[in-house]
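Below is one structure; the comments refer to it alone.
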Amino acid sequence: MKRYALLLYILFLAAAVRAATPRPQPLYIVNGKETTEIRSIPPEDIENVEMLPADEETIARYGQRAAHGVMLITLRYDRPASFPADSAFGSYIARQVRWDESEPTARVVLRYKITPDGETVVQQELESTDSRLKRRVLKAVAEAPRWHPAQKNGAPVESEGVLSIQLPEGRRMPRQAELVIR
């Protein structure tokens, strides 16, 4: 019995050490530039991913940093679109919409595209809990300043985004009532 307990303890200890040991990471190259962080890249911005093995040819090309392989990531653009206002697009739109504290908490989520000339075009309504808020958000989006469009190889290209507005800010959405029949 003691042998089994000791064996179980050793196996548990080995598994804990293996789990605590950091796994080797490949060399990440995004649009031709070496980087250490790829978690912040939105998946919809990725155009292509290629994994190179950790073989002699890869190590000869990229150096010893490629000892665990190389992940080549190509984004849809070289420079992302940027909103010209002093804040993020969602914050700007929320400030433009008049929504009193006395009004119910509501949310609107829209998918939009930014054209090569910087215009914001709403493509799809993903969620809307109040039609009044939706009308006001759509009006604010239509009147918003033009973006500096994303660029690929020095030329402006189309890009996309998701706008999520919940007003009044800081208040939680009420839970929807559920009817359970037994």
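Computed from a prediction, not measured in an experiment: that's the story for all the values here.
For the residue pair Glu47 and Lys152, the shortest heavy atom distance occurs at OE1-NZ, 4.0 Å. Contact record, Pro84 with Pro145: CG-CB, 4.0 Å, taken as the closest heavy-atom pair. The shortest heavy-atom contact between Pro149 and Pro156 is CG-CB, 3.7 Å. Minimum heavy-atom separation, Pro168 to Thr105: CD-CA, 3.9 Å. The nearest pair of heavy atoms linking Ala85 to Tyr92 is CB-CD1, 3.8 Å. The shortest heavy-atom contact between Ala54 and Ala67 is CB-O, 3.1 Å.
One hydrophobic cluster, built from ILVMFWY side chains closer than 4.5 Å, cannot hold both Ile59 and Leu72; they sit in different ones. Two different hydrophobic clusters hold Val109 and Leu133 under the rule that ILVMFWY side chains link at heavy-atom gaps under 4.5 Å. Hydrophobic clustering (side-chain heavy atoms under 4.5 Å, transitive across Ile, Leu, Val, Met, Phe, Trp, Tyr) keeps Trp147 apart from Val157.
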Which is it for Leu110 and Leu138 under the side chain to side chain contact (heavy atoms under 4.5 Å, CB included) test, yes or no, and what are the steps along the way? CA-CA 9 Å; Leu110 305 170; Leu138 289 173; 3.8 Å; yes

Stepwise, does the side chain to side chain contact (heavy atoms under 4.5 Å, CB included) test hold for Val70 with Ile29? CA-CA 7 Å; Val70 176; Ile29 299 182; 4.0 Å; yes

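Contact annotation: the side chain of Glu125 approaches that of Lys134 to within less than 4.5 Å [non-hydrogen atoms, C-beta and beyond]. Residues Arg79 and His148 form a side-chain contact, since some pair of their non-hydrogen atoms from C-beta on lies under 4.5 Å apart. Contact of the Val162 side chain with the Leu126 side chain is registered, since non-hydrogen atoms from C-beta on lie closer than 4.5 Å. Inter-residue side-chain proximity for Ser87 and Arg95 is flagged as met; some heavy-atom pair is nearer than 4.5 Å. In this structure the side chain of Leu163 reaches within 4.5 angstrom of the side chain of Val137, judged on heavy atoms. A heavy-atom distance below 4.5 Å is found between the side chains of Val141 and Ile93. Proximity of Gln96 to Glu143: side-chain heavy atoms (C-beta onward) are nowhere separated by under 4.5 Å.
In this structure, the separation between CZ on Phe89 and OG on Ser164 is 12.5 Å, given to the nearest 0.5 Å. How far CD of Glu160 is from CD of Glu44: 7.5 Å, rounded to the nearest 0.5 Å.
Counting side-chain heavy-atom gaps under 4.5 Å among Ile, Leu, Val, Met, Phe, Trp and Tyr, the cluster of Ile38 also holds Tyr28, Val30, Ile41, Ile46, Val49, Met51, Met71, Ile73, Leu75.
The closest donor-acceptor contact from the side chain of Asp100 to the backbone of Ser102 lies at 3.5 Å or more, if one exists at all. Proximity of a side-chain donor or acceptor of Asp78 to a complementary backbone N or O of Asn153 within less than 3.5 Å is detected. For the pair Trp99 (side chain) and Pro104 (backbone), a donor-acceptor distance under 3.5 Å is present. Put simply, the side chain of Thr120 never gets that close to the backbone of Ile114: no donor and acceptor are under 3.5 Å apart.
In this model, a donor atom of one side chain and an acceptor atom of the other lie less than 3.5 Å apart for Asp117 and Thr115. Neither side chain, Arg107 nor Ser128, offers a donor N or O lying under 3.5 Å from an acceptor on the other. Judged by distance alone, the side chains of Asn31 and Tyr77 never bring a donor and an acceptor atom under 3.5 Å apart.
Under the 4.0 Å criterion applied to side-chain N and carboxylate O atoms, Glu103 and Arg136 are assigned as salt-bridge partners. At a threshold of 4.0 Å, the pair Lys113-Glu158 counts as salt-bridged, since one of the basic side-chain nitrogens sits closer than that to a carboxylate oxygen.
Within the structure, salt bridge (charged side-chain N to carboxylate O under 4.0 Å, His left out) pairs that include any residue of residues 56-73 comprise Glu34-Arg65 (at least two apart or interchain).
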